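Reviewing the structure listed below.
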Amino acid sequence: MLLGLGANQLLADMNRLLSLLFHQGVLDEQFLELQQLQDETSPNFVYDVVNIYFQESEKLIRNLRGLLVDKEFSDYKKMGKHLNQLMGSSSSIGAKRVNNICLAFRAASEQNNRPACLRALEVLENEYCYLNNKLHEFFQIEQQRVLAAGVRYPMPPPPQQQQQHHHH
């Protein structure tokens with residue numbers, strides 16, 4: 001029974017972390033919708049979706065930084081495209097604060113306002129880092145929970161090989 005309690009404790013930790021992120025406006029209900037899509041047939045669904053999101057976002061944020069670091073010229077049109085992509089994928093996983101900062105960033109890029117873009121980029125990188133850290137924490141707890149819950153149902157032992165005794 002102790003292991004079951006462990007799993008419940010971990011579930012409580014996951015829920016506490018999620019409600020913190022909702023309260024902070026880091027995530028919105030879209031994240032819960034993702035969780036609804038996860039079942040026995042796709043136990044890693046949310047993890048996989050979020051992982052792909054992190055890989056894509058990292059590239060987009062790197063590209064945005066690249067465009068802004070070049071003092072001679074900033075391609076604001078391209079910046080807007082990157083931001084639209086980032087907003088699309090952010091809203092699909094429920095990354096609300098990242099999405100909101102992208103909106104402000106896009107507004108600054110539409111005004112070709114470089115200082116405002118640089119400020120927005122900095123906030124974006126911080127928000128993205130925070131989201132990344134918190135969701136990694138979330139998935140670590142989830143992994144432990146799955147393990148703790150699984151231990152309660154031991155696998156049946158493998159069938160014993162019948163020793164054939166030949167009497168000569």
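Remember, predicted model here, so these are calculated numbers, not experimental data. Side chains are part of it too, since the values below use all heavy atoms of this structure and drop only hydrogens, waters and symmetry mates.
- Connectivity analysis of hydrophobic side chains (ILVMFWY, heavy atoms under 4.5 Å, direct or indirect) links Met87 to Leu103.
- Note on Val69 and Leu64: separate hydrophobic clusters, where clusters join Ile, Leu, Val, Met, Phe, Trp and Tyr whose side-chain heavy atoms are under 4.5 Å apart, directly or indirectly.
- Residue pairs meeting the side-chain hydrogen bond (donor to acceptor under 3.5 Å, both in side chains) criterion with at least one member in residues 93-104, sequence neighbours excluded: Arg97-Glu127.
- Considering all non-hydrogen atoms of both residues, Leu131 and Tyr53 come closest at CD2-CE2, 3.8 Å.
- Interatomic distance, Asn84 CG to Leu60 CG, rounded to the nearest 0.5 Å: 10.5 Å.
- Residues meeting the side-chain hydrogen bond (donor to acceptor under 3.5 Å, both in side chains) test with Arg145, sequence neighbours left out: none.
- Legend: salt bridge (Lys or Arg N to Asp or Glu O under 4.0 Å) pairs involving residues 75-93, not counting sequence neighbours: none detected.
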Would Gln85 and His82 satisfy side chain to side chain contact (heavy atoms under 4.5 Å, CB included), going step by step from the backbone distance to the final call? CA-CA 5 Å; Gln85 265 181 285; His82 288 333; 4.1 Å; yes
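- Atom CG of Leu67 sits about 10.0 Å away from atom SG of Cys117, to the nearest 0.5 Å.
- In this model, no donor atom of one side chain and acceptor atom of the other lie less than 3.5 Å apart for Gln111 and Tyr76.
- The shortest non-hydrogen separation linking Gly88 to Ser91 is O-OG, 3.2 Å.
- For Phe139, the side-chain contact (heavy atoms from CB on, under 4.5 Å) partners are Val46, Tyr47, Val50, Leu135, Glu142, not counting sequence neighbours.
- The two atoms that bring Ala108 and Ala116 nearest to each other are CB-CB, 3.7 Å, heavy atoms only.
- No side-chain heavy atom of Leu21 sits under 4.5 Å from any side-chain heavy atom of Phe138.
- Under the side-chain contact (heavy atoms from CB on, under 4.5 Å) criterion, Glu122 pairs with no residue at all, not counting sequence neighbours.
- Under the rule for a side-chain hydrogen bond (donor to acceptor under 3.5 Å, both in side chains), the partners of Glu125 that lie at least two apart in sequence or sit in another chain are Arg65.
- Counting heavy atoms from C-beta outward, Gln143 and Leu147 have side chains that stay 4.5 Å or more apart.
- For the side-chain contact (heavy atoms from CB on, under 4.5 Å) test, residues two or more places apart in sequence or in another chain that qualify with Ile52 are Glu56.
- Gln144 meets the side-chain contact (heavy atoms from CB on, under 4.5 Å) test with Leu10; sequence neighbours excluded.
- The heavy-atom pair separating Cys102 from Leu83 by the smallest distance is SG-CD2, 4.0 Å.
- For Arg62, there are no side-chain hydrogen bond (donor to acceptor under 3.5 Å, both in side chains) partners, not counting sequence neighbours.
- How far CG of Asn126 is from CG of Leu121: 9.5 Å, rounded to the nearest 0.5 Å.
- Using a 4.5 Å heavy-atom cutoff, the side chains of Asp39 and Phe45 are not in contact.
- Counting heavy atoms from C-beta on, the side chains of Leu27 and Leu32 never come closer than 4.5 Å.
- The side-chain hydrogen bond (donor to acceptor under 3.5 Å, both in side chains) contacts involving residues 15-30 comprise Asp13-Arg16, Gln24-Tyr130, where partners must be two or more places apart or lie in separate chains.
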Could you go through His136 and Asn132, starting from their C-alpha distance and side-chain angles, then the distance that decides it, and tell me whether this counts as side chain to side chain contact (heavy atoms under 4.5 Å, CB included)? CA-CA 6 Å; His136 273 298; Asn132 196 336; 2.6 Å; yes
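- Side-chain contact between Leu86 and Tyr128 is absent, with no heavy atoms from C-beta onward closer than 4.5 Å.
- Here Ser109 pairs with nothing under the side-chain hydrogen bond (donor to acceptor under 3.5 Å, both in side chains) rule; sequence neighbours left out.
- Between Glu137 and Leu17, the closest side-chain pair of non-hydrogen atoms falls below 4.5 Å.
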